[in-house]
**Q** 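First, the structure itself, so that you have it in front of you.
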Number of protein chains: 2
Amino acid sequence: MTFQKRAHKILELLEELGEVDIRQLALEIGVSEVTVRRDLANMATNGLLYRTHGGAMKVSQLIKPVSFANKAAVNFKAKDAICKRAAEDINDGDIIFIDCGSTAFRLCQFIKNKKIKVITNSLPVVNELQNSAVTINMIGGEVDPIRQAIHGTIATEHIARYHASKAFLGTDGITCDGLYAGSEHEASNTLAMASQSDQTYLLCDVSKIGKTSYLKFDDLSIVDILVTDYNGPEIIEFQSKEILVYSVTH
Amino acid sequence: MTFQKRAHKILELLEELGEVDIRQLALEIGVSEVTVRRDLANMATNGLLYRTHGGAMKVSQLIKPVSFANKAAVNFKAKDAICKRAAEDINDGDIIFIDCGSTAFRLCQFIKNKKIKVITNSLPVVNELQNSAVTINMIGGEVDPIRQAIHGTIATEHIARYHASKAFLGTDGITCDGLYAGSEHEASNTLAMASQSDQTYLLCDVSKIGKTSYLKFDDLSIVDILVTDYNGPEIIEFQSKEILVYSVTH
DNA sequence: TTGATTATGATTATTTTTGATCGAATTAAC
DNA sequence: GTTAATTCGATCAAAAATAATCATAATCAA
């Protein structure tokens with residue numbers, strides 16, 4: 001098999017898998033690892049792929065898909081059901097805020113083909129929506145590496161300059177008394193988004209209901225619509241506080 | 001059998017199989033391998049096929065879609081050498097701007113362990129530096145999906161709120177007359193960063209020197225230090241304009 | 001026919017490709 | 001941090017393919 005044929009094959013595998021390792025390639029193609037290494041080096045100098053230790057990556061994937069995948073995968077069926085329901089309310093032409101956090105992140109998959117404008121402080125959301133029909137506006141300011149989001153006063157000020165039709169927010173905990181956040185920064189961003197939008201949706205899986213956290217940052221007045229897979233007694237109380245509740249199942 | 005007849009046969013086989021090898025052709029056509037080789041050489045110079053070691057391939061099969069050519073990997077050795085040199089000037093405690101673009105992006109790998117603050121409008125830079133010692137500040141505003149960066153008036157305003165000790169900028173082209181950019185947004189960001197920093201470094205591989213582009217956005221006065229792998233006559237002229245030139249090799 | 005030109009095949013030297021090996025560099029594990 | 005395991009790059013040798021050279025056969029013009 002000639003170099004050209006191998007190159008073709010490697011690019012194909014790369015396109016399919018995103019990354020390849022040398023042992024796997026040597027086996028698949030039927031040549032020695034040395035040869036594969038040479039091929040990769042060659043192709044890398046031509047910009048056809050990105051060489052890594054032990055293999056290669058697709059160039060376009062050089063932008064790491066930000067993986068707080070772990071957290072996002074927890075209870076993802078509930079989160080997906082919630083986000084799917086929420087996405088039904090999003091129409092072409094909408095301008096929406098998307099909060100940081102693993103729940104709101106799952107909204108992305110349902111809005112990729114909508115002609116909307118998304119304003120967000122979440123880096124995973126930006127990455128996820130990069131090659132979609134959506135126009136993205138990134139909120140600026142200090143990057144919080146753990147939450148993979150932009151936080152701080154500059155961020156809050158930035159939010160205040162925009163206005164959206166809908167905000168899709170997350171929270172660390174919610175009780176009949178109010179909303180709880182794990183940090184002040186998170187809270188101030190969430191509040192800022194809520195105050196700058198016509199309608200606020202709170203995306204909230206069952207694990208958050210009835211739970212309190214470090215900081216109670218608001219009563220429930222900022223919430224217009226609660227989307228949740230929870231179905232217990234508190235629901236009625238939420239409704240009595242003029243919150244519309246979307247109950248979903250999965 | 002004449003050359004024309006053989007050529008016809010070879011093209012037929014090529015169309016059918018996508019690739020051919022010389023031994024197989026010699027057998028099939030009934031001539032010596034030397035002759036086949038001569039035929040292929042002939043046809044290759046006329047662009048009828050692509051010669052490989054031991055055979056030939058259909059031209060169309062050879063090249064994958066253009067999307068593979070990613071800027072970040074093109075000429076990366078020069079870019080790495082440039083960025084490595086530039087990084088030597090970055091010290092703990094510095095606050096630096098990093099411009100968007102494939103060259104400045106390569107600075108990331110050399111500053112991951114420095115205790116500095118980075119202000120950038122480049123999404124790849126943010127992703128690359130996420131799990132590093134660096135504190136990141138993301139410039140906010142509209143996301144340009146092609147350049148993977150934040151551009152626009154909001155972004156420019158955001159930059160104006162910060163001040164850095166050093167700015168590491170890229171450009172689409174540079175001549176003795178000035179700097180060229182591919183878009184107005186790019187230019188305004190670059191200018192904003194330059195005006196808000198004590199020293200501006202221009203990171204510029206050989207392909208940019210002497211090249212002009214869509215928009216001339218400044219003379220050379222904003223550049224303090226030019227880091228490049230170029231080593232031609234213009235260098236002296238740059239120096240005469242009070243630009244310090246770091247020449248690197250790779 | 002003759003001489004010249006061209007195409008083909010055989011032979012040989014050169015280049016290219018590939019795989020093996022080993023010290024150095026990088027990464028992972030502790 | 002240190003150590004162990006991979007992976008890398010360089011060098012060398014073997015095999016295959018190529019280019020160069022030459023000789024022979026076919027073609028063509030005068």
Side-chain angles (χ1 to χ4, degrees), chain A residues 1-11 13-14 17-58 62 64 67 70, chain B residues 1-11 13-14 17-58 62 73 76-78 80-81 83-84 87 106 108-113 115 128-133 249-250:
Chain A
M1 178 156 356
T2 64
F3 166 69
Q4 288 83 0
K5 194 90 196 287
R6 290 199 304 272
H8 204 264
K9 178 117 190 172
I10 290 171
L11 287 180
L13 285 168
L14 215 48
L17 305 170
E19 58 180 339
V20 289
D21 74 283
I22 288 184
R23 189 157 322 151
Q24 158 203 359
L25 283 178
L27 234 103
E28 185 95 12
I29 300 176
V31 292
S32 75
E33 297 184 11
V34 182
T35 302
V36 173
R37 215 169 276 129
R38 268 193 277 248
D39 286 354
L40 293 183
N42 230 308
M43 295 165 77
T45 56
N46 291 327
L48 271 64
L49 48 78
Y50 188 81
R51 190 78 165 75
T52 64
H53 198 83
M57 282 176 71
K58 239 172 90 175
L62 214 154
K64 278 184 251 166
S67 60
N70 298 335
Chain B
M1 181 162 338
T2 66
F3 167 70
Q4 286 78 8
K5 265 191 140 176
R6 290 199 305 272
H8 197 265
K9 178 110 190 175
I10 289 171
L11 286 179
L13 284 168
L14 212 50
L17 305 170
E19 58 176 339
V20 289
D21 75 282
I22 288 185
R23 190 159 322 154
Q24 158 203 0
L25 283 179
L27 233 99
E28 185 96 13
I29 301 176
V31 293
S32 76
E33 296 186 11
V34 181
T35 301
V36 173
R37 215 168 275 130
R38 272 193 274 247
D39 286 354
L40 293 184
N42 232 308
M43 295 165 77
T45 56
N46 292 328
L48 274 72
L49 48 78
Y50 184 82
R51 189 78 165 78
T52 65
H53 201 82
M57 284 178 78
K58 253 173 82 174
L62 181 70
F76 76 90
K77 281 195 177 170
D80 279 358
C83 288
K84 193 174 179 192
R106 298 222 144 237
C108 294
Q109 58 189 310
F110 301 110
I111 61 173
K112 279 188 174 171
N113 294 316
K115 293 185 181 57
E128 191 68 17
L129 293 178
Q130 272 215 23
N131 293 307
S132 68
T249 53
H250 55 279

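So that the names make sense, note that chain A is the first sequence line, chain B the second, and so on, each numbered from 1. Just so it is clear, the structure is predicted and the values come from calculations on it, not from any experiment.
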**Q** Chain A on DNA chain D: first and last contacting nucleotide, 5' to 3', under 4.0 Å to a heavy atom?
**A** D:dT7 to D:dC8
**Q** What pairs meet the side chain to side chain donor-acceptor pair (under 3.5 Å) rule with one or both residues in residues 27-38 of chain A, with sequence neighbours excluded?
**A** A:Ser32-A:Thr35
**Q** Can you work out whether B:Asp21 or A:Asp21 has the more 5'-proximal nearest nucleotide on DNA chain D?
**A** A:Asp21
**Q** Calculate, to the nearest 0.5 Å, the distance between atoms CG and OG1 belonging to B:Asp21 and A:Thr2 respectively.
**A** 10.0 Å
**Q** Measure the spacing between CD1 of B:Ile29 and CG of B:Asp39 and express it to the nearest 0.5 Å.
**A** 7.0 Å
**Q** Determine whether B:Leu17 and B:Gln24 satisfy the following criterion, side-chain contact (heavy atoms from CB on, under 4.5 Å), listing intermediate values before the conclusion.
**A** CA-CA 12 Å; B:Leu17 305 170; B:Gln24 158 203 0; 3.4 Å; yes
**Q** What are the two closest non-hydrogen atoms of B:Ala87 and B:Ile111, and how far apart are they?
**A** CB-CG2, 4.3 Å
**Q** Compare every heavy atom of A:Met43 with every heavy atom of A:Phe3, then report the nearest pair and how far apart it is.
**A** CZ-CG, 4.3 Å
**Q** B:Glu19 versus B:Thr52: any side-chain heavy-atom pair under 4.5 Å?
**A** no
**Q** Closest heavy-atom contact between A:Leu49 and A:Ala56?
**A** CD1-CB, 3.9 Å
**Q** Spell out protein contact along nucleotides 14-30 of chain C as letters: B when the base is contacted, S when just the sugar-phosphate is, - when no protein heavy atom is under 4.0 Å; keep the 5' to 3' order.
**A** --SSBBB-----SS---
**Q** Can you measure B:Lys5 atom NZ to C:dA7 atom P for me and round it to whole angstrom units?
**A** 17 Å
**Q** For the helix from C:dT1-D:dA30 to C:dC30-D:dG1, how many degrees between its two end axes (five pairs per end), to the nearest 10°?
**A** 40°
**Q** How close do A:Gln4 and B:Tyr50 get, heavy atom to heavy atom, and via which atoms?
**A** NE2-CE2, 3.5 Å
**Q** Please round to the nearest 0.5 Å and tell me the distance separating atom CZ of A:Arg6 and atom CG of A:Leu13.
**A** 13.5 Å
